[in-house]
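Heads up: the structure comes next, in structure tokens.
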There are 2 protein chains.
Amino acid sequence: MARKTKEDAERTYHALLDAATKLFIHQGIAKTTLNDIATAAAMTRGAIYWHFDNKDAVIRALWERNASTLHDAFTTELKHLDRDDPAEHFRRIMKELVQSVVNQPELGQAIRIVMHSVEFTDEQTELQRFLNAKHVELHSTMEQAFATLKKRKALKTSLSSTLLSQGFMSYLLGLIHIYLEPGIKKLDLKKSGDQLLDLFLDPILARTE
Amino acid sequence: MARKTKEDAERTYHALLDAATKLFIHQGIAKTTLNDIATAAAMTRGAIYWHFDNKDAVIRALWERNASTLHDAFTTELKHLDRDDPAEHFRRIMKELVQSVVNQPELGQAIRIVMHSVEFTDEQTELQRFLNAKHVELHSTMEQAFATLKKRKALKTSLSSTLLSQGFMSYLLGLIHIYLEPGIKKLDLKKSGDQLLDLFLDPILARTE
DNA sequence: TTTTATACATACATAAACGTATGTATAAGG
DNA sequence: CCTTATACATACGTTTATGTATGTATAAAA
């Protein structure tokens, strides 16, 4: 076949990732072969091996393209809580995060795929280590955020910031996970996301007015 | 080889499940082959195919042996909340559930394996459908429990029982999931389980004294 | 005691996915 | 305009796990 322009090549790159996303969601990651992805994008495996090293690299690229922006924005924003009203700032960041997941289907799909790729074993693959690092990063920034909230007297409870962080992370990840999994009982995060976050945060975040 | 007694056969059955558990945990489900399991139990694949249809059947058997008891006890207990003090009864059931997961390693391992086996796709395997059914059962009994709590004026909040149920399930599953995954930041559910549950339940469960 | 079903081991067939090697038309660079 | 690196397609070889088929020694049934 013929050589494409740089723009064409970039188009196939995205077409491959888009095809991979659909297939991963609809028939599962394990059952999706590289050939499936290629043909779904009207290409051959040659195209995939040109753009990616293997299936794990596809998943990682998916994360980079669809989730890394939110991850970075989230972590950096958490590190700079408002001086005057950190509690409300924190609350707003969390609500925006949830709404991002709800409003950007590609983001939600990427998160779902990534969540299923994280199997913590003795010997991690490169993808596992990468995702694990991001996971740890999330947890530690969240813990720092709660530490900051505590220092600024923005917390009602006397529980340790570590414990609160772990509890809230469990809640947040649980919400997103249940939302993203298409079980029978649907969780409407779009409508109820704010209420559900307030349900947890109201009792622990102090009012500042 | 020779025929074993019924007791011997049962021993190999359990040896196979034990070996499968260890391998699934340590090297992942996908990477664990039936041959791995067999040799780890000092058997051959013949033994596996005698006792199970395939790898999915092994996982299902693992659930039946190590998790079904708790699942059944949990769901039936939730359906019979105390007449006089349903809120405290509910709280106790949840704390006992968490402590069960903490105190029974085989149970926790089974849950972890099962959690990783649930990939919701268009065409579900038999295992997927089975686990999905259990999952749905959990959600609906939890929702009924919250409906009962609401009817008996055991809830402080005016939020719908459906929403509360979804929120609490997210929290519960999130806690257990983060506890079972051996990330760097460890969640000590044994010590903090009760506090973490109270953190969520105190603001919504009414006092009855 | 003979028979039969059991509880595996062993052997086989295959199929599927992977990674790599190679081919090639053509944009892009000089 | 010539050359080269690009962006794939195609072909190949190998591996590896799976399911099944068959063999077999012996508990258990009769």
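In the text below, chain A, chain B and the rest are named by the order of the sequence lines, each starting its count at 1.
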Counting side-chain heavy atoms from C-beta on, which of [options] comes nearest to [X]?
{"X": "A:T44", "options": "C:dG19, D:dT10, C:dC8", "result": "D:dT10"}
{"X": "B:K4", "options": "D:dC8, C:dA7, D:dA7", "result": "C:dA7"}
{"X": "A:R45", "options": "C:dT20, C:dA27, D:dG19", "result": "C:dT20"}
{"X": "B:M43", "options": "D:dA28, D:dA7, C:dC8", "result": "C:dC8"}
{"X": "B:T12", "options": "C:dC8, D:dT18, D:dA7", "result": "C:dC8"}
{"X": "A:N54", "options": "C:dA7, C:dA9, C:dG19", "result": "C:dG19"}

Residue pair B:T121 / A:Q27, side-chain donor-acceptor N/O under 3.5 Å: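 No.
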Would you say the side-chain atoms of A:Q109 and A:T21 include a donor-acceptor pair closer than 3.5 Å? no
To the nearest angstrom, how far is [X] atom [atom1] from [N] atom [atom2]?
{"X": "B:E7", "N": "D:dT26", "atom1": "CD", "atom2": "C1'", "answer": "15 Å"}
{"X": "B:Y49", "N": "C:dC12", "atom1": "OH", "atom2": "C1'", "answer": "14 Å"}
{"X": "B:D36", "N": "D:dT16", "atom1": "CG", "atom2": "P", "answer": "11 Å"}
{"X": "B:L34", "N": "D:dG19", "atom1": "CG", "atom2": "P", "answer": "7 Å"}
{"X": "B:D53", "N": "D:dT20", "atom1": "CG", "atom2": "P", "answer": "9 Å"}
{"X": "A:E10", "N": "C:dA27", "atom1": "CD", "atom2": "P", "answer": "17 Å"}
{"X": "B:K31", "N": "C:dC18", "atom1": "NZ", "atom2": "C1'", "answer": "14 Å"}
{"X": "A:I37", "N": "C:dA17", "atom1": "CD1", "atom2": "P", "answer": "12 Å"}

Is there a side-chain polar atom (N or O) of B:H51 under 4.0 Å from OP1 or OP2 of C:dA7?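 Result: no.
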Hey, does the side chain of A:W50 come within less than 4.0 Å of D:dC8's phosphate (OP1/OP2), counting only N and O? no
Tabulated below should be each protein N or O lying under 3.5 Å from an N or O of nucleotides 2-4 of chain D; please produce it.
none

Should we say atom CD of A:E137 is surrounded by more than 12 heavy atoms from elsewhere, each under 6.0 Å from it? yes
Taking the nucleotide of DNA chain D with the closest heavy atom to each, which residue, B:K55 or B:G46, is nearer the 5' end? B:K55
Want to settle it: does B:K6 or B:T32 sit nearer the 5' end of DNA chain D, counting the closest nucleotide to each?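 Its nucleotide being nearer the 5' end, the pick is B:T32.
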Answer yes when A:R65 and A:D18 have at least one side-chain N-carboxylate O distance shorter than 4.0 Å, and no when they do not.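 Answer for the salt bridge query: yes.
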For residues 167-182 of chain B, pull every pair meeting salt bridge (Lys or Arg N to Asp or Glu O under 4.0 Å), keeping only residues two or more places apart or in separate chains.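 Matches after skipping sequence neighbours: B:R112-B:E181.
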Any residue meeting ring pair (Phe, Tyr, Trp, His ring centres under 6.0 Å) with A:H71, in chain and number order, not counting sequence neighbours: A:W63
Residue pair B:K79 / B:T141, side-chain heavy-atom distance below 4.5 Å: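 Touching, per the 4.5 Å side-chain cut-off.
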What class does the angle between the rings of A:F168 and A:F200 fall in, given that below 30° is parallel, 30 to 60° is tilted and above 60° is perpendicular? tilted
When all nucleic acid strands are considered with a 4.0 Å heavy-atom cut-off, which category describes A:T33: base, sugar-phosphate, or nothing?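 A:T33: backbone/sugar contact only, no base atoms under 4.0 Å.
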